[in-house]
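Worksheet: the structure to be examined is printed underneath.
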Amino acid sequence: MYKTLMYEKKENIGLLTINRPEKMNAISQELTAELSLFLDEIENDDELRVIVITGAGDKAFVAGADINELVDRDARLGRRVSRERQEIFSRIENLHVPVIAAVNGYALGGGLELALACSIRICSEKAQFGAPEVKLGIIPGDGGTQRLPRLVGQGRAMEMIITGDFIDAQEAYRIGLVNKVFPPEKLKEEAMELAKKIASRPPLAVRYAKEAVNRSQEGDSASGFALESYLHALSCTTEDKKEGVSAFLEKRKGKFKGK
Ligand code: COA
């Protein structure tokens with residue numbers, strides 16, 4: 001049982017809710033430790049197909065690091081906390097299944113960085129996004145300076161990170177930070193619909209595709225192309241590939257096993 005997280009699994013879709021609504025779901029050390037345990041728990045779940053992450057309540061997805069814990073954060077602690085959260089968010093980014101961030105309100109600081117580590121972001125019309133760290137005299141430490149420019153371009157990312165200004169849902173959509181915007185009451189339903197669609201696809205193909213696309217954001221393209229061709233080759237060895245191709249040719253719906 002977690003104190004700061006809620007997790008439920010419906011069939012093969014997991015719904016993780018960051019659960020400190022009285023503190024705008026801010027990321028405390030306790031929450032960080034629980035996220036790590038949660039990842040230990042689900043990383044070996046082979047039945048799982050997709051995870052949706054959202055925030056409890058109707059105000060915040062996650063309003064950043066718990067500012068109360070910043071009071072005692074010196075250089076040593078700053079480095080440790082930053083490395084720890086970077087590692088956790090990288091585990092989310094590289095999880096064996098896609099992760100959808102359903103951003104239901106403020107996604108600030110570490111909350112923005114959590115959303116950036118997810119595979120796909122959708123949000124409510126009420127969502128706001130920002131990297132307000134600079135206003136506190138610090139800079140992002142959970143991957144934001146690297147993932148935000150990759151997603152929205154260096155100029156947009158630079159402006160958000162050095163002004164600390166928030167942007168609303170429509171602006172986030174315009175710059176490609178989120179894929180879709182929904183009325184608040186529809187967000188969870190739409191996130192589950194998207195999750196169901198992904199869960200209906202051949203799981204190994206989804207997994208290899210996620211890995212190859214993630215790689216496009218790092219290193220040189222030659223190694224990205226090489227990885228793509230190996231993963232493509234691997235996908236050609238699966239039972240699901242036989243089934244997918246046969247189903248198309250026989251004009252029927254494929255039944256996929258993740259094998
Ligand atoms: N850490 C700790 N507590 C936080 C928090 C955070 N990052 N963000 C919000 N809270 C707390 C507030 O202190 C307040 O607690 P209280 O009721 O005990 O006083 C509660 O959550 C509600 O927040 P409040 O500021 O009253 O709500 P609001 O609607 O006026 O403003 C925000 C919402 C998110 C814009 C504002 O809380 C905010 O700017 N938070 C900090 C964001 C930030 O700088 N994050 C990056 C940290 S590195």
Side-chain angles (χ1 to χ4, degrees), residues 2-6 16-36 53-90 92-93 101-118 121-149 151-152 156-172 175 177-178 181 183-185 187:
Y2 301 107
K3 278 209 229 156
T4 61
L5 304 175
M6 282 191 298
L16 176 70
T17 306
I18 309 293
N19 189 30
R20 293 184 76 213
E22 70 293 349
K23 292 288 173 201
M24 298 269 176
N25 304 319
I27 305 178
S28 59
Q29 273 307 93
E30 183 182 34
L31 197 149
T32 308
E34 290 198 339
L35 265 180
S36 179
I53 303 184
T54 196
D58 57 1
K59 287 195 173 152
F61 173 67
V62 169
D66 190 318
I67 297 178
N68 298 297
E69 294 181 355
L70 285 182
V71 177
D72 297 322
R73 203 188 276 186
D74 57 10
R76 211 161 146 254
L77 189 58
R79 165 98 177 147
R80 187 166 71 71
V81 170
S82 167
R83 291 308 270 174
E84 190 180 17
R85 292 183 188 177
Q86 282 176 351
E87 190 200 320
I88 288 171
F89 289 2
S90 290
I92 291 173
E93 182 170 49
V103 180
N104 54 311
Y106 291 108
L108 306 175
L112 173 65
E113 291 168 301
L114 172 60
L116 289 168
C118 294
R121 286 146 294 282
I122 60 174
C123 76
S124 119
E125 287 161 351
K126 280 170 45 186
Q128 295 207 48
F129 299 81
E133 288 90 340
V134 76
K135 294 198 251 174
L136 299 167
I138 56 176
I139 77 160
D142 305 351
T145 64
Q146 305 305 298
R147 289 198 179 96
L148 189 60
L151 188 63
V152 303
R156 297 271 171 217
M158 187 70 89
E159 184 176 345
M160 285 179 75
I161 291 172
I162 66 179
T163 65
D165 285 347
F166 299 172
I167 59 171
D168 65 16
Q170 280 311 326
E171 178 67 357
I175 67 175
L177 179 50
V178 296
V181 182
E185 66 282 4
L187 179 67

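Order of appearance sets the numbers: ligands from 1, and atoms from 1 within every ligand. Just so it is clear, the model here is predicted, and its values are computed rather than measured.
Remark: E69 engages no residue in a side chain to side chain donor-acceptor pair (under 3.5 Å) (not counting sequence neighbours). Partners of K3 under the salt bridge (charged side-chain N to carboxylate O under 4.0 Å, His left out) rule, at least two apart in sequence or in another chain, are E30.
The heavy-atom pair separating M160 from F129 by the smallest distance is CE-O, 4.0 Å.
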When you pair each N or O of ligand 1 with protein N or O atoms, which pairs come out under 3.5 Å?
residue: ligand 1; atom: 1 (N); partner: A65; partner atom: O; Å: 3.4
residue: ligand 1; atom: 1 (N); partner: I67; partner atom: N; Å: 2.9
residue: ligand 1; atom: 7 (N); partner: A63; partner atom: O; Å: 3.0
residue: ligand 1; atom: 7 (N); partner: A65; partner atom: O; Å: 2.9
residue: ligand 1; atom: 18 (O); partner: K23; partner atom: NZ; Å: 2.9
residue: ligand 1; atom: 45 (N); partner: A63; partner atom: O; Å: 3.0

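In this structure, the separation between CG on L114 and CD1 on I53 is 5.0 Å, given to the nearest 0.5 Å.
The side-chain hydrogen bond (donor to acceptor under 3.5 Å, both in side chains) pairs that include a residue from residues 53-62 are T54-N104, where partners are two or more places apart or lie in different chains.
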Residue pair L35, I27: steps toward the side chain to side chain contact (heavy atoms under 4.5 Å, CB included) verdict = CA-CA 10 Å; L35 265 180; I27 305 178; 5.5 Å; no
